[in-house]
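Structure first, commentary second.
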Amino acid sequence: ATIFAGVLVFLVLFVLTKRLSFTRQRLPPSPLSLPLIGHLHLLARMAHQSLQVLSNKYGPILYLKLGMVPTIVVSSPDMAREILKTHDAKFSSRPYFLVGEYFSYGYCGMGFTPGGEHWKNLRKLCATELFTINRIDSFEWVRKEEISRMISTIENTNGVINIRNLLITYGFNVMTETVMSKRFFCENGALLDADQAREFKKVSIETVEMALKFHISEFVPSYLRWIDWNIPKVKILQAKSDKFMQQIVQEHKRSKNSRKTKDFMDVMLESFTDSSNKQSFKAENTVKALTMELLAGGTDTSASSIEWALMELLLNPHTMVKAREELVKFVDLTNSTVNEGDLPKLTYLNAVIKETMRLHPPAPLLVPHKSTVECKIAGFDIPKGTTTIVNLYAIGRDPNVWENPTKFCPERFLGDSRIDVKGQNFELIPFGSGRRTCPGMILGLRNVQLVLANLIHRFEWALIPGREYGVEETTGTVNWAKTPLEVLKR
Ligand code: HEM
């Protein structure tokens with residue numbers, strides 16, 4: 001009887017202390033959840049849109065359980081500042097992504113790596129070597145050549161023009177030239193070096209499809225990840241992609257002396273043979289992982305922004321008139337193309353780009369962050385290891401922040417407005433802010449400005465009569481318009 005009483009007292013105390021520790025924790029507001037799946041059923045295909053609806057109901061910080069993973073979603077400039085500035089260091093880790101783990105060669109890259117010395121070294125390499133103004137300027141000739149090619153393709157095409165195809169061809173060629181001095185597409189979008197390029201294209205498409213699938217390993221504790229039925233498929237895909245990357249790196253080493261400009265892969269390979277970095281870099285796997293991330297991170301983000309901008313300009317013709325007037329005023333019409341030196345003069349065009357990124361951020365939920373320690377945000381307790389989502393889409397459309405939020409109105413960024421996209425104004429952070437901010441921001445912006453300016457300076461565009469155009473979205477690598485933009489040249 002004494003033993004029984006002892007066990008009973010122990011159990012009562014155990015339950016009481018558990019309850020107390022739960023009630024002591026003040027979590028952000030949260031909808032009712034279901035066993036096991038938590039709140040996963042509340043997320044539709046457009047997660048940023050369903051989270052916006054939830055935030056409208058529960059407030060600018062809410063708590064969800066995605067499967068078994070604790071998650072917070074923030075949807076106001078003040079909350080975004082708390083996460084990305086005030087408590088930046090505590091929230092700069094990354095949650096688990098299945099494709100991220102395998103395609104980064106077990107965290108040799110940057111985007112999926114939770115943090116640590118290796119990640120810091122890569123960020124440093126980006127800031128001091130790869131994305132300096134000098135390095136970006138040294139590839140101006142690549143962008144100029146690709147712009148000329150794009151223009152001649154348009155000039156030689158009659159009838160309907162698929163803008164998205166042009167943008168992907170431009171963007172991918174610029175990135176592969178900059179990163180590894182190689183072009184994969186010729187003017188009409190056909191593939192050069194056919195076998196290699198076709199294989200790469202196939203693997204890239206399969207990888208994106210795989211990344212977009214539901215992966216149970218991302219919603220269970222780490223000790224249960226092995227149950228994910230997609231792991232074998234991801235491993236096969238990664239092996240195919242590695243074969244291609246290995247070929248590229250070897251080819252690149254062989255052709256070192258034939259290049260007119262030192263490219264990103266040259267810089268990466270040099271950094272890894274420098275003795276001071278030997279310890280921290282996992283050499284070739286790092287080159288391969290980072291190369292893939294730069295290609296993936298640098299192409300569709302810019303292409304989708306340009307496509308959205310052109311779509312909005314065509315749907316709001318008075319803004320197109322203003323943008324073209326500015327180009328006529330500031331760019332010498334005898335020049336066949338708009339040059340990079342012209343870009344800072346184009347105030348209205350830059351306002352168009354800000355307005356486009358407010359309404360259509362390429363990464364509407366950034367890339368999710370994760371907290372590394374327990375911490376308090378807005379009086380709420382945020383447990384260690386919480387996935388943290390910043391909903392840029394909701395912030396960009398919040399009527400408390402923006403007047404007529406769904407209206408495309410570049411003028412809101414003119415006059416006294418000091419709002420920029422560079423990470424200091426938390427109402428508009430398409431590139432993020434703080435430790436995880438996009439390292440390719442300057443290059444990305446340069447491409448968006450340059451291509452958009454050239455497309456509208458050189459050509460007059462028209463929507464196809466009788467066709468319905470709209471601002472519906474679709475999920476993919478980024479937040480694309482649902483239908484690729486097809487237009488006519490006047
Ligand atoms: C990360 C946006 C262009 C490479 C990011 C993030 C965003 C973003 C929102 C996540 C920030 C966060 O986690 O808080 C954009 C946009 C672009 C663009 C809007 C163009 C319009 C580029 C380019 C490159 C690039 C041109 C490289 C060539 C990366 C990489 C990361 C990243 C490697 C991961 C950084 C890390 O996790 O430490 N980008 N990006 N991006 N971006 Fe970009």
(message) Strictly distance-based, threshold 3.5 Å: is any side-chain N or O of Asp228 a donor or acceptor partner for the main-chain N or O of Ile216?
(response) yes
(request) Decide yes or no on salt bridge (charged side-chain N to carboxylate O under 4.0 Å, His left out) for Arg225 and Glu101, but give the supporting numbers first. (result) CA-CA 12 Å; Arg225 280 181 197 148; Glu101 180 190 351; 5.8 Å; no
(message) When you compare the side chain of Pro439 with that of Arg123, does any pair of heavy atoms fall below 4.5 Å?
(response) yes
(message) What's the separation between atom NE2 in His39 and atom CG in Leu34, rounded to the nearest 0.5 Å?
(response) 8.0 Å
(message) Using only atom types and a distance under 3.5 Å, with no angle test, would you say the side chain of Arg436 pairs donor to acceptor with the backbone of Ser92?
(response) yes
(message) Hydrogens and angles aside, do Glu340 and Gln449 bring a side-chain donor and acceptor to less than 3.5 Å of each other?
(response) no
(request) Evaluate the criterion side chain to side chain contact (heavy atoms under 4.5 Å, CB included) for residue pair Tyr96 and Lys370; output intermediate values, then yes/no. (result) CA-CA 9 Å; Tyr96 176 78; Lys370 191 175 88 176; over 6 Å; no
(message) For Asn165, is there any backbone N or O sitting under 3.5 Å from a side-chain donor or acceptor partner on Asn162?
(response) yes
(message) Give me the atom names and distance for the closest heavy-atom approach of Trp402 to Ile395.
(response) NE1-O, 3.1 Å
(message) Please determine whether side chain to side chain contact (heavy atoms under 4.5 Å, CB included) holds for the pair Ile306 and Tyr170, giving the CA-CA distance in whole Å, both sets of side-chain angles, and the decisive distance to 0.1 Å.
(response) CA-CA 11 Å; Ile306 304 163; Tyr170 167 88; 5.6 Å; no
(message) Looking at Leu36, I'd like to know if its CG atom is crowded, meaning that more than 12 non-hydrogen atoms belonging to other residues, nucleotides or ligands lie closer than 6.0 Å.
(response) no
(message) Hydrogens and angles aside, do Asn230 and His215 bring a side-chain donor and acceptor to less than 3.5 Å of each other?
(response) yes
(message) Distance check, rounded to the nearest 0.5 Å: Ile168 atom CD1 versus Glu307 atom CD?
(response) 8.0 Å
(message) Looking at every heavy atom in both Glu293 and Ser104, which two are closest together, and how far apart are they?
(response) OE2-CB, 4.4 Å
(request) Let me see the working for Arg81 and Asp78 under salt bridge (charged side-chain N to carboxylate O under 4.0 Å, His left out), right down to the final yes or no. (result) CA-CA 5 Å; Arg81 186 185 297 105; Asp78 286 345; 3.1 Å; yes
(message) Give me the atom names and distance for the closest heavy-atom approach of Met292 to Ser241.
(response) SD-OG, 3.4 Å
(message) For Glu355, is there an ion pair with Arg358 - N to carboxylate O distance below 4.0 angstrom?
(response) yes
(message) Closer than 4.0 angstrom, basic N to acidic O: yes or no for Glu403 and Arg412?
(response) no
(request) Quick one: do Phe214 and Phe219 satisfy ring pair (Phe, Tyr, Trp, His ring centres under 6.0 Å)? Show the steps, please. (result) CA-CA 10 Å; Phe214 172 80; Phe219 303 102; 5.3 Å; yes
(request) For residues Leu445 and Met441, determine if any side-chain heavy atom of one lies less than 4.5 Å from a side-chain heavy atom of the other. (result) yes
(message) How close do Leu443 and Met175 get, counting heavy atoms only, and between which atoms?
(response) CD2-SD, 4.1 Å
(request) Would you indicate whether the side-chain heavy atoms of Leu359 and Phe408 approach each other to under 4.5 Å? (result) yes
(message) Donor-acceptor pair, distance only, cut-off 3.5 Å: does the side chain of His457 make one with the backbone of Val338?
(response) no
(request) State, yes or no, whether a side-chain contact exists between Phe413 and Leu428 at a heavy-atom distance under 4.5 Å. (result) yes
(message) For the residue pair Arg490 and Phe459, would you count it as a cation-pi contact if the rule is NZ or CZ under 6.0 angstrom from the ring centre and within 45 degrees of the ring axis?
(response) no
(request) Rounded to the nearest 0.5 Å, what's the gap from CZ on Phe184 to CG on Leu295? Could you check? (result) 8.0 Å
(message) Do Glu146 and Val451 have side chains that approach each other closer than 4.5 Å (heavy atoms only, starting at C-beta)?
(response) no
(request) Please examine the side chains of His360 and Ser304, heavy atoms only from C-beta on, and report whether any two atoms are closer than 4.5 Å. (result) no
(request) Would you please say whether a donor-acceptor pair under 3.5 Å links the side chains of Asp263 and Ser181? (result) yes
(request) Kindly say whether Ala363 contributes a backbone atom to a donor-acceptor pair with the side chain of Asn479 at under 3.5 angstrom? (result) no
(request) Would you kindly say whether Lys144 and Asn339 are connected by a side-chain donor-acceptor distance under 3.5 Å? (result) yes
(message) Can a donor-acceptor pair be found, under 3.5 Å and without considering hydrogens, that links the side chain of Thr71 to the backbone of Val69?
(response) yes
(request) Starting at CG of Leu167, measure out to OG1 of Thr299 and round the result to the nearest 0.5 Å. (result) 11.5 Å
(request) Could you walk me through whether Asn391 and Val74 pass the side chain to side chain contact (heavy atoms under 4.5 Å, CB included) test, one step at a time? (result) CA-CA 6 Å; Asn391 192 348; Val74 303; over 6 Å; no
(message) So Glu325 and Tyr348, do their side chains get closer than 4.5 Å, heavy atoms only?
(response) no
(request) Kindly compute the distance separating CG (Asp398) from CG (Asn56), expressed to the nearest 0.5 Å. (result) 7.5 Å
(request) Go through Tyr393 and Gln52 one step at a time and tell me if the side chain to side chain contact (heavy atoms under 4.5 Å, CB included) criterion holds. (result) CA-CA 8 Å; Tyr393 179 86; Gln52 181 195 29; 3.4 Å; yes
(request) Compute the centroid of each ring, for Tyr63 and then for Tyr58, and state whether the two points are separated by less than 6.0 Å. (result) no
(message) When you measure from the side chain of Arg446 to the backbone of Ile136, do you find a donor-acceptor pair of N or O atoms at a distance under 3.5 Å?
(response) no
(message) Strictly distance-based, threshold 3.5 Å: is any side-chain N or O of Arg94 a donor or acceptor partner for the main-chain N or O of Val367?
(response) yes
(message) Does this structure show an ion pair linking Arg467 with Glu486, if we count only N-O contacts that are shorter than 4.0 Å?
(response) yes
(message) So, taking the atom named CZ in Phe112 and the one named OH in Tyr107, what distance separates them when rounded to the nearest 0.5 Å?
(response) 9.0 Å
(message) Check whether Thr176 reaches the backbone of Lys182 with its side chain - one donor and one acceptor, N or O, closer than 3.5 Å.
(response) yes
(request) Measure across Leu327 and Ile456 and return the closest heavy-atom pair with its distance rounded to 0.1 Å. (result) CD1-CG1, 3.5 Å
(request) Take Glu326 and Lys329 through the test salt bridge (charged side-chain N to carboxylate O under 4.0 Å, His left out) and record every step on the way to the result. (result) CA-CA 5 Å; Glu326 181 181 67; Lys329 190 167 164 199; over 6 Å; no
(request) Without swapping roles, check the side chain of Arg164 against the backbone of Ala481 for a donor-acceptor pair under 3.5 Å. (result) yes
(message) If I compare all heavy atoms of Pro31 with all of Leu62, which pair ends up nearest, and what's the gap?
(response) CD-CD1, 4.4 Å
(message) For Glu206 and Lys240: C-alpha separation, side-chain torsions, deciding distance, then whether salt bridge (charged side-chain N to carboxylate O under 4.0 Å, His left out) applies.
(response) CA-CA 11 Å; Glu206 284 176 44; Lys240 278 199 229 167; 3.3 Å; yes
(request) Have a look at Glu155 and tell me which of Arg458, Lys489, Arg149 forms a salt bridge (Lys or Arg N to Asp or Glu O under 4.0 Å) with it. (result) Arg458
(message) Under a 3.5 Å threshold, yes or no: a donor from one side chain and an acceptor from the other, between Asn173 and Glu177?
(response) no
(message) In the structure I gave you, are the side-chain heavy atoms of Phe97 and Glu218 within less than 4.5 Å of one another anywhere?
(response) yes
(message) Between Lys345 and Asp342, does any side-chain N to carboxylate O distance fall below 4.0 Å?
(response) yes
(request) Compute the centroid of each ring, for Phe131 and then for Phe264, and state whether the two points are separated by less than 6.0 Å. (result) yes
